[in-house]
Amino acid sequence: MSPSPAALLAPVFALAFWTFLVLLRLAFVRIRAGLRGQISPGDFRLGESPQVPAAVTLVNRNYMNLLELPVLFYVLSLVLVVQPALAGPWAPGLQWAYVGLRIAHSVVHQSYNNVLHRLAVFAASNAVLVTLWTLAALRLNLA
């Protein structure tokens, strides 16, 4: 039996909401740095200039991370909704694991930023994503 569309879409909405929260934090740290005179609009003319404080760059980098590989998560999630035969009962659990690991990655990245811890969480999230794609691909023969 295939999971419901709601079960498959809830993790998508959760990760999108998290991404919006990180975007809101990025706006906050940029505005704060601007008000403190640490940056100017010109510092973003071609991305970020070397004058942009590390705390601002870090949040921006984390936001960019949330727009890179998660695209594959969003695509697969929509494929699973449109083609429910590809979504086994394992799909929502793995989707939530992916979302949890991406949130954990952001928390590590934006707090104490231990590179090895961040790498471990990032690698685990990628393993979950590859597993999701692999299991869905294997079900192509069943569809």
How far does OG1 of T57 sit from CG of N62, to the nearest 0.5 angstrom? 12.5 Å
Given side chains that start at C-beta, do those of R30 and N60 come closer than 4.5 Å, heavy atoms only? yes
Residues in side-chain contact (heavy atoms from CB on, under 4.5 Å) with R61, at least two apart? M64, N65, E68, H109
side-chain contact (heavy atoms from CB on, under 4.5 Å) filter on P70, not counting sequence neighbours, yields L15, Y74, Y98, R102
Which residues pass the side-chain hydrogen bond (donor to acceptor under 3.5 Å, both in side chains) test with N113, sequence neighbours left out? R118
Rounded to the nearest 0.5 Å, what separation is found between the CG atom of L80 and the CG atom of L135? 10.0 Å
Cluster companions of L35 among Ile, Leu, Val, Met, Phe, Trp, Tyr (side-chain spacing under 4.5 Å): I31
Would you give the length of the straight line joining atom OG of S2 to atom CZ of R139, rounded to the nearest 0.5 angstrom? 6.0 Å
Spatial distance of atom CG (L101) from atom CG (L129) [nearest 0.5 Å]: 11.0 Å
Measure the shortest side-chain to side-chain distance between W90 and T131 over non-hydrogen atoms and say whether it is less than 4.5 angstrom. no
Validation row: L78, L9 side chains within 4.5 angstrom (heavy atoms): yes
Do F28 and V59 come close enough that some side-chain heavy atom pair is under 4.5 Å? no
Are L46 and I39 linked, directly or through intermediate hydrophobic residues, by side-chain heavy-atom contacts shorter than 4.5 Å (ILVMFWY only)? no
Does any part of the side chain of L8, heavy atoms only, come nearer than 4.5 Å to the side chain of S77, both counted from C-beta? no
How would you list, by chain and number, every residue that makes a side-chain contact (heavy atoms from CB on, under 4.5 Å) with V75, sequence neighbours excluded? V71, V79, W133
For L24, what are the other residues in its hydrophobic cluster, where any two members join if their side-chain heavy atoms are less than 4.5 angstrom apart? none
For the CZ atom on F44, are there more than 12 heavy atoms of other groups (residues, nucleotides or ligands in this structure) within a distance under 6.0 Å? yes
Provide the closest heavy-atom pair for P92 versus A7 in the form atom of the first, atom of the second, distance. CB-O, 4.0 Å
Is there a path of hydrophobic side-chain contacts, each under 4.5 Å between heavy atoms of I/L/V/M/F/W/Y residues, joining F17 to L66? yes
Can F20 be reached from V29 by stepping across I, L, V, M, F, W or Y side chains whose heavy atoms are under 4.5 Å apart? no
Provide the full list of side-chain hydrogen bond (donor to acceptor under 3.5 Å, both in side chains) pairs with a residue in residues 36-45, sequence neighbours left out, each pair given once. D43-S49
Output for pair (L94 CG, L132 CG), nearest 0.5 Å, gives 4.5 Å
Please check if L72 and V82 belong to a single hydrophobic cluster, counting links between Ile, Leu, Val, Met, Phe, Trp and Tyr side chain heavy atoms closer than 4.5 Å. no
Set of residues satisfying side-chain contact (heavy atoms from CB on, under 4.5 Å) with respect to T134, sequence neighbours excluded: V130, L138
Taking only residues two or more places apart in sequence, or in another chain, which ones meet F122 in a ring pair (Phe, Tyr, Trp, His ring centres under 6.0 Å)? H105
Looking only at heavy atoms, what is the nearest atom pair of V121 and A104, with distance? CG1-CB, 3.8 Å
Hydrophobic clusters join Ile, Leu, Val, Met, Phe, Trp and Tyr when side-chain heavy atoms are under 4.5 Å apart, directly or via other members; which others share one with V108? Y112
side-chain hydrogen bond (donor to acceptor under 3.5 Å, both in side chains) partners of residues 18-29, not counting sequence neighbours, each pair once: W18-S106, R25-Q110
